[in-house]
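Each remark here refers to the structure printed beneath this line.
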Amino acid sequence: MNTNEQPQYEGAKSEVERKTLDQRSQMDELSRLRHSCAHILATAVLRLWPDALLDIGPPTDDGFYYDFELTHRFSPDDFARIEEEMRKITKENQVFEKSIKTRDEARAYFESKGQKFKLERLGDIPEGEAISFYQNGEFVDLCAGPHVMRTGNVKPGGIKLLRVASAYFRGNEKNPQLQRIYGTAFKNKEDLENWVKLQEEAKKRDHRRIGAEMGLFAFDAEYVGPGLALWLPKGGVLVEELEKLAKETEFQAGYVRVRTPHLAKEKMYRTSGHLPYYAESMFPPMEMLEEDERKKREQLLEKRADLLKLAESLGNAISPNPAGMTPESIQEEVNRIETEAGFLGGRYYLKAMNCPHHHRIFAAEPRSYRDLPLRLAEYGTCYRYEQSGELFGLMRVRAMNMNDAHIYCTAEQFADEFRAVNEMYLKYFKIFGLDRYQMRFSTHDPARLGQKFVNEPELWKQTEDMVRRVLIESGINYVEVPNEAAFYGPKIDVQVWSAIGREFTIATNQVDFAVPARFGLTYRDRDNTDKTPLCIHRAPLGTHERFIGFLIEHYAGNFPLWLAPEQVRVLTLGEKEPLVNYAKGIVQELRSQFVRVEGDFGTNPIKAKIADAEKARVHTMLVIGGRDLEAGHVSVRLHSKGPQGARPRDEVIAGILADIRERRA
RNA sequence: GCCAGCUUAGCUCAGCGGUAGAGCAACGGUUUUGUAAACCGUGGGUCGUCGGUUCAAUCCCGACAGCUGGCUCCA
């Protein structure tokens, strides 16, 4: 996998903003209600803070929001007042009245109100499209609709404001930040209450919470650093089990394993093209330059600064250009200098991706077409300096272990390799009982060839056709997203939804027909010429951090036997010696078979021991009392499933071993 | 990085301008038990850090850090 394992949060950047009038009119009933609720919110805010400037207020997947600019800073303490005003408005039962205005009328209206954001939004409406307004009571808004008939259609008990947030105007961080109020609305109070309950249930599944409860991982911002996860012993088990699964699967699929260091010289990332574009996301370099190299570098950087100054003056057309340089030729020279400086030894970067190292492994030996496909796999550790506000539990971290591999192949081999990768995904998803996922197929935009996308129209077409065919043949449900491909080729991201409704990219599968060439990778073909291989980046299990974060929520911490940090606990009724000896024998036998088993042989009442084991989410509890000892039985109890009855000891042990071996759910 | 909120015992939380509390957990005893919690006791805190206001600050103010919710970013 290259660099795109991180999430693609859509957040509240509502699709609604981009929807056409026609799509909007088809909005379902609930969205319509919520949209009206956003207007009611704005009505209330204007009553309480008449100087508020309005932006927009669309419905979202589970509610609505409205963006405001005002000097008062909203805080949750304001919600009671605002909600009260909103309820009042619903009781006033105002009619939502639609009207069409001309562009001039609309402009005049917003100018008179000083609503500068609305004026800008007005400019977005294409010439010829109707400019519609909705009015309820004293509140008038530029709005395509649709709405409910009257504010009274919104039940006062069905409204709830949720949180204040901020959002850049038009989602651009150069624009002013507006204050956003999120809320939700339902047909009635009961629906709302059910939703609130569901939210609370979902919170209990949050991987951060369960991770702490179960002792899976920890963060130590003070001594280790933010976004740098520590795997505790029980979380380490999850890591080990996933790696074991990956290693077995990849071995059987013909992968070979490699190991690479966690850093590399600047030259590596100059060559790959990741620097300077990706530098922001990388930890700053470590400088180990020799004295003469340092001087050389300083000279180069001075020269570069001079050139940039020159470029600026050219842009301003202040001074004539003495050297006859164009902005393009200056840029070229700047690039050359940066490359030269970067090629000096002694500046090291922590790697943000594994592909360059793997490319150098490809380059380490002469390659023949007979060596292809070459599948290099590694659980590679990558470091990315994600912005502080983007860190999020295990899901978005600064150090991560990727289930990475790079497959080098010929164009003829590509389809089979790509199909095999896809099948591996599906195999994994089956193991984890993952049935809600969506493959997102990102393609290029021909208009941006040579800019955002490498200028290889034929290869783009070929690979995209091939990927599309594989998806269709495999009967996979996918969406195609133009203009979202990586610069070096099309890709498939796997979107999953965690139990708490969060969507993110958990795995990625990318085609790369550009970067191997930058590293001069070649193989000797049948015809005795050197050719550049295609490369597939793939990471079906994403990173340990995110994948385990996802699994924690997916299973709500109730892992299947093969994954469970503590698989079995043997509980005795009391600590009488024959009983304990019998129990110890079972523990020993299981442990000798590498089962993660513990014993609880103390004097506590069995109820207490069971409560402890249940709380710890031990998968299988083996309860042993006098009756079991006599019959040579054990009584099985499964976590969250209760007692399963007594069965012969050897049969139970064999069953446990089989379930683990088969990785049964 | 930006806006807002939060930070009190290992965890969940209460509290207040006059030097801090509960439940669970931990620890020490007692309890010999049939499927989610037996009883008694003990310890545990620089109230995130630094600075300011005050006779006095965990509480008020400021800065910083971390976390959370968003936004931005994720080539």
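Residue numbering restarts at 1 for every chain, and letters A, B, ... go by the order of the sequence lines. Since this is a predicted model, take the numbers as computed values, not measurements.
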For this session: Using a 4.0 Å heavy-atom cut-off across all strands, classify A:Ile610 as base, sugar-phosphate, or nothing.
Result: base

Exercise. Does the B:rC2 base have a donor-acceptor partner in the side chain of A:Gln177 within less than 3.5 Å?
Worked result: yes

For this session: On RNA chain B, check which nucleotide each of A:Val636 and A:Pro226 is closest to and give me the residue with the more 5' one.
Result: A:Val636

Problem set entry | Salt-bridge criterion met for A:Glu484 and A:Arg440 (N-O under 4.0 Å) | no

For this session: With a 3.5 angstrom cut-off on both distances, give the Watson-Crick or G-U wobble partner of B:rC71, or none if there isn't one.
Result: B:rG1

Problem set entry | A:Ser388 (side chain) and B:rG66 (base): donor-acceptor pair under 3.5 Å | no

For this session: Would you indicate what A:Gly645 reaches in the nucleic acid, counting non-hydrogen atoms under 4.0 angstrom: base, sugar-phosphate, or nothing?
Result: nothing

Exercise. Quick one: on RNA chain B, does A:Gly602 or A:Gly227 contact a more 5' nucleotide (nearest heavy atom)?
Worked result: A:Gly602

Exercise. When we call it a touch if two heavy atoms are under 4.0 Å apart, what does A:Lys615 touch: a base, just sugar-phosphate, or nothing?
Worked result: base

Exercise. Can you check whether A:Arg73 has a side-chain N or O nearer than 4.0 Å to OP1 or OP2 of B:rA4?
Worked result: yes

For this session: Is it possible for you to check whether A:Arg180 lies under 6.0 Å from the centre of the six-membered ring of A:Tyr65, through NZ or CZ, and within 45° of that ring's axis?
Result: yes

Exercise. Has the side chain of A:Arg180 got a donor or acceptor that lies under 3.5 Å from a partner of the other kind on the base of B:rA4?
Worked result: no

Seminar exercise, completed: When rounded to whole Å, the CG to P distance for the pair A:Asn172 and B:rG1 reads 19 Å

Problem set entry | Side-chain-base donor-acceptor pair under 3.5 Å for A:Tyr385 and B:rG1 | no

Exercise. With respect to the side chain of A:Ile606, which nucleotide from B:rG1, B:rU35, B:rC67 is positioned closest?
Worked result: B:rU35

For this session: Remember a base hit wins even if backbone is also touched, and classify A:Gly626 as base, sugar-phosphate or nothing at under 4.0 Å, heavy atoms.
Result: base

For this session: For A:Phe169 and B:rC3, give me the distance from atom CZ to atom C1', rounded to whole Å.
Result: 17 Å

Exercise. So what's B:rA56 paired with, Watson-Crick or G-U wobble, going by both distances under 3.5 Å?
Worked result: none

Exercise. Under a 3.5 Å cut-off for both distances, is B:rA37 Watson-Crick or wobble paired, and to whom?
Worked result: none

For this session: Pick base, sugar-phosphate or nothing for A:Arg627, based on heavy-atom distances below 4.0 Å to the nucleic acid.
Result: base

Problem set entry | Whole angstrom value for the distance that separates C1' of B:rC71 from OH of A:Tyr65 | 10 Å

Exercise. Does A:Arg163 make a side-chain N or O approach to OP1 or OP2 of B:rG5 shorter than 4.0 Å?
Worked result: no

Problem set entry | Under 3.5 Å: donor-acceptor pair, side chain of A:Thr572, backbone of A:Glu575 | no

For this session: Kindly say if A:Lys607 contacts the phosphate of B:rA37, meaning a side-chain N or O under 4.0 Å from OP1 or OP2.
Result: yes

For this session: Just call it for A:Pro605: base, sugar-phosphate, or nothing, with non-hydrogen atoms closer than 4.0 Å on any strand.
Result: base

For this session: Could you work out the separation of B:rG5 and B:rC60 based on their P atoms and round it to a whole Å?
Result: 13 Å

Exercise. To the nearest angstrom, how far is A:Leu571 atom CG from B:rA37 atom C1'?
Worked result: 14 Å

Exercise. Under 3.5 Å, is there a donor-acceptor pair between the A:Glu464 and A:Thr443 side chains?
Worked result: no

Exercise. When you check the phosphate oxygens OP1 and OP2 of B:rA36, does a side-chain N or O of A:Arg617 lie under 4.0 Å from one of them?
Worked result: no

Exercise. Base, sugar-phosphate, or nothing: which does A:Asp612 touch, judged by heavy atoms less than 4.0 Å apart?
Worked result: nothing

Problem set entry | Integer angstrom distance from the P of B:rC47 to that of B:rU58 | 6 Å

Exercise. Given that both distances must come in under 3.5 Å, which nucleotide forms a Watson-Crick or G-U wobble pair with B:rC64?
Worked result: B:rG48

For this session: Give none if B:rG17 has no partner; otherwise give the nucleotide forming a Watson-Crick or G-U wobble pair with it, both distances under 3.5 Å.
Result: none

Exercise. Within the structure shown, what part of the strands sits under 4.0 Å from A:Ser635 by heavy-atom distance: base, sugar-phosphate, or nothing?
Worked result: base

Problem set entry | Euclidean distance, atom CZ of residue A:Phe217 to atom P of B:rG10 [Å, nearest integer] | 19 Å

